[in-house]
2 protein chains.
Amino acid sequence: MKKAPTIRDVAATAGVSVSVVSRVLNDGSGPVAVATREKVVAAIAELGFRPRAAARELNGAGLTIGLMLADLTNPFFARLADRIVWEARGRGVQVVLTTTQEDPHIEAETLATLLDRSVGGVIATPTGDNIDQWSRLQDVGVDLVFVDRSIASLQNTDVVSIQNEASAASATQHLIALGHRRVAVISGPLSTSTGAARVAGYQSALTAAGIPIDPALIRGVPFRGDAGADAVAALLALPLVERPTALLVANTAQVQSSMRQLYQMGVEIPRELSVIVFDDNPWTELVTPPLSVIRQPIDMLARHSVDLVLGRMQGKLPVGPRFVEVQAEFVSRSSSAAPDPQESHV
Amino acid sequence: MKKAPTIRDVAATAGVSVSVVSRVLNDGSGPVAVATREKVVAAIAELGFRPRAAARELNGAGLTIGLMLADLTNPFFARLADRIVWEARGRGVQVVLTTTQEDPHIEAETLATLLDRSVGGVIATPTGDNIDQWSRLQDVGVDLVFVDRSIASLQNTDVVSIQNEASAASATQHLIALGHRRVAVISGPLSTSTGAARVAGYQSALTAAGIPIDPALIRGVPFRGDAGADAVAALLALPLVERPTALLVANTAQVQSSMRQLYQMGVEIPRELSVIVFDDNPWTELVTPPLSVIRQPIDMLARHSVDLVLGRMQGKLPVGPRFVEVQAEFVSRSSSAAPDPQESHV
DNA sequence: TACAAAAGTGGTACCGGTTCCACTCCGGAT
DNA sequence: ATCCGGAGTGGAACCGGTACCACTTTTGTA
C-alpha cells in the first residue's frame, strides 16, 4: 500500500519548486520556461504523478461537477446521464451524481450535500421548488445549468432544453393534418416549464387550425406514480362525442404508465386512438404498433450542458444567462394515423 | 458570495477547540463531555455548518464512493445506478459516476481518475480486463466491490450478483418442461463471469433432461453493437432440423437488438419461437407478446453493494472476500409456450 | 489517602495542492 | 549609463478538515 507521488516529489525529481510544477499543471497560470516545462513534464511522466482532486477542490479550483437528475428509471434521464458523463470524461471532469426522485424535499437535502462537495458547477433538472436554495447555490459561486427544465423565477440561470413548444406544436399539427379534431394531451404539471411549454405548443397548433380548445382534453399530471394511467382512463371515460381520437403523451415519465393502461383497456392503436409520445427509447419501435415519437437529441443536450457549465467555471463566457434550445425531431411510425370513420362522431 | 462557515467558526462560537468539534463530527473518534457536545451541536446548527467533503478526503477520511458502470443506456444498469445512488444518499455518501462503455481502454483511464479522487471505495461492473490495475487499486487501500459481474483471477474481491447459473437453469428447465428440445442461448462473451455462468446453467438443465448440447445453439456475443441481431439471424438460418424452437437471451445489453431482429424477420412468438429474456424492464410487458423474463432484484443488488463497500471502508467487516448471491425471479408471460407441432421437426 | 487510569480538552502538524508575493535576471527604452 | 518592466523562479501562507500528542481534570481502586 505505497502512497501516490505528490507535487513535491515531482518538484524534487525535476529539480524545481512546487510553484513551477503547479504552473505547469494549470497551463496559463504563470510563466514557465520551455526547458523547465519539459523537465517537469518528464518528471510527471516518470513518477506517474496525478494531482489529487480533493486538494484542488479545497482551493476552489476543482474540476468536479454535480449532476442532479430526477430519476434514472426514466430512460430519458438515464441516457442523458450517460452522455453527460461521457462528455465530462472527455474534458477530464468528474461527475457527482444525485437524484431527486422528483421530491423537493430530497432535492433540498441534495443541494446541501452538493455544496459540501465544493463542486464548481451543477447540471440539474429542478423539481421547481427550493427557489431560494438554488439562488443561494449561485450566490456562493457555483455555476448552475438547468437541463430539460427550467424555473421561471430564476432568470439568471443558463438553460439547455429542446424546443418544447415547437415540438409539441408540430406533433399536434401532424395529428390535425391526419384529420383529428379531438386531440388530447398528457403533460407534466402545468407549473413545470416543460408542462407549460408543451401544452402551449399544443394549444397554438389547435388554434392555428381553428379548433377550439377543450380543457377536458388537457391533463397535466405529476411525473411520479401512475398518473398517466389515470389520465388515460379518464380521457377514455368521456362521453363518446367528447372522447379524443388522438393522444399526445408529452410527459416522458408517464409514457410507460399510459401505454400500459391503453393495452389493459384493449384500446386499438391507431384505429381507436392515435398516439404520439415524447422521447424515443429503444423500445418505442418494439411495441405494437411502433410508436410515433418526438425524438430528443440527448447528445446535444449533454454536450451543451457540459460546455456551458465548464465555460462558466473557467470564466470563459460573457455574463448574462444563456438559453440554448435544440431542435427535436418528429418520427412518424404506425401509432398515428387518420381517424377511423367508424369511430368518428363529428 | 459570502463563504460558508468552517470548523474554526464553529469552535469559536461554541467556545471550544477545533479538536472537540472534529470529535463531535466524527462520533466515536474521542471523548466529549455531554454538555460540551450540546454546545457544539447548537453552534453547528446556528451557523448551518457542514463539513466540506474535500477537506476530509485530503486526510483519507472521505465518504465518497466511485460507481463504475458499463453503460447507462442499458436499463438494467440505469436502474442499478438509481438504486445505488439512493442507498448511498441514505447513508450520507456521495457517488462519483463513471461509465466504461464496455471498453477496457476507457476502463483503465477511468480507474486512474477514480484514484485521483481519493475515493474510499468503488462499486464496479468490470469489463474483465485491466486485472493488474484493479489489484493496484486495492493495494492503495481502496475497497472494491464488483456488482453483477466478477473477475475470476481477482479472488480477493467482494462480489454481489444474482444466482446466474441457477437462474439460467430454471429458465431453460421451464422451456424444456414446455416440450422444447432445441433451445438456443444468446449470452455475453463466455470470458465474462455472467456469460460463463448462465451458459453453464443452461447446459446443466439440458443435461439433466438428457438433451445433448449443441454448440451451434450457444452464442456468446459482445455487449456492445448489434451482435444480438446477428446471432438471431444466424440461429434462424440454421437448417430446419437444427433450428431452435426456443431462445434464451441471457445478455441484457443485447435483448433489444435481438428482439428487433426477430420482429424484422417476422418471427411469430411464441408459435415459431419461444423467447425468455434476462432482466425485467418497464417495457417487457408492453411489447407483443409480453415477454417472459428473469427479473433481477436490482434493489437488493444495490443495497448489498453499498453495504459491503461502506462496511469495508469503516473496517466493520471481517477480512476475506464476501460473495453475495441474490435470487432472481422467473416471470412467465406469453412469449414462452409449448412448441407448435406444425413447426416441430423432431 | 494515594495514585494510577480514564475522561476531557486544546495545540498543532499534517494532507496536497493553489496562489500571492518577493526576488533575480534580462532586454529595451530613455 | 540608468531605469523600467516583464519573464522566470522559489518561499510560504492558505484551504478546511483530521489526528496525534500533551496536558489537566476527574474517577476508581487499593
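Quick caveat, the model's predicted, so the values are computed rather than measured.
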Length of the line joining [X]:[atom1] and [N]:[atom2], which is rounded to integer Å:
X: L63(A); N: dG16(C); atom1: CG; atom2: C1'; result: 16 Å
X: L58(B); N: dC14(D); atom1: CG; atom2: P; result: 17 Å
X: Q314(A); N: dT18(C); atom1: CD; atom2: P; result: 14 Å
X: D116(B); N: dC15(C); atom1: CG; atom2: C1'; result: 16 Å
X: L25(B); N: dA19(D); atom1: CG; atom2: P; result: 11 Å

For the pair R149(A) (side chain) and P126(A) (backbone), establish whether a donor and an acceptor sit closer than 3.5 Å, ignoring hydrogens and angles.
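Yes; at least one donor-acceptor contact below 3.5 Å.
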Please, which pairs that meet ring pair (Phe, Tyr, Trp, His ring centres under 6.0 Å) have at least one residue in residues 103-152 of chain A, sequence neighbours excluded?
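Ring pair (Phe, Tyr, Trp, His ring centres under 6.0 Å) check on residues 103-152 of chain A returns W134(A)-F146(A).
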Close residues, residues 32-52 of chain A, relative to DNA chain D [heavy-atom separation under 4.0 Å]
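When residues 32-52 of chain A is checked for heavy atoms under 4.0 Å from DNA chain D, the hits, listed by number, are V32(A), A33(A), T36(A).
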Report the residue (N59(B) or R23(A)) whose heavy-atom-nearest nucleotide on DNA chain C is the more 5′ of the two.
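By nearest-heavy-atom nucleotide position, the 5'-most residue is N59(B).
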Salt bridge present between R37(B) and D27(B) (N-O < 4.0 angstrom):
yes
Is a salt bridge present between E87(B) and R91(B), judged by a nitrogen-to-oxygen distance below 4.0 Å?
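Looking at E87(B) and R91(B), the cut-off is met.
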Would you indicate which nucleotide in [options] comes nearest to any side-chain atom of [X]?
X: R8(B); options: dG16(C), dG16(D), dT9(C); answer: dG16(D)
X: I7(A); options: dT18(C), dG8(C), dG8(D); answer: dT18(C)
X: V20(A); options: dG8(D), dG10(D), dG11(C); answer: dG10(D)
X: T6(A); options: dG17(D), dG17(C), dT19(C); answer: dG17(C)

Any side-chain N or O of [X] below 4.0 angstrom from OP1/OP2 of [N]?
X: N26(A); N: dT18(C); result: yes
X: S22(B); N: dG17(D); result: no
X: S19(B); N: dG10(C); result: no
X: R56(A); N: dT18(C); result: yes

Return yes if a side-chain donor-acceptor contact under 3.5 Å exists between E57(B) and T64(B), otherwise no.
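T64(B) and E57(B) do have a side-chain donor-acceptor pair below 3.5 Å.
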Residue list, side-chain contact (heavy atoms from CB on, under 4.5 Å) with E325(A), at least two apart or on another chain
S161(A), Q163(A)
Please walk me through it: do R224(B) and D103(B) pass salt bridge (charged side-chain N to carboxylate O under 4.0 Å, His left out)?
CA-CA 9 Å; R224(B) 298 295 285 184; D103(B) 181 341; over 6 Å; no
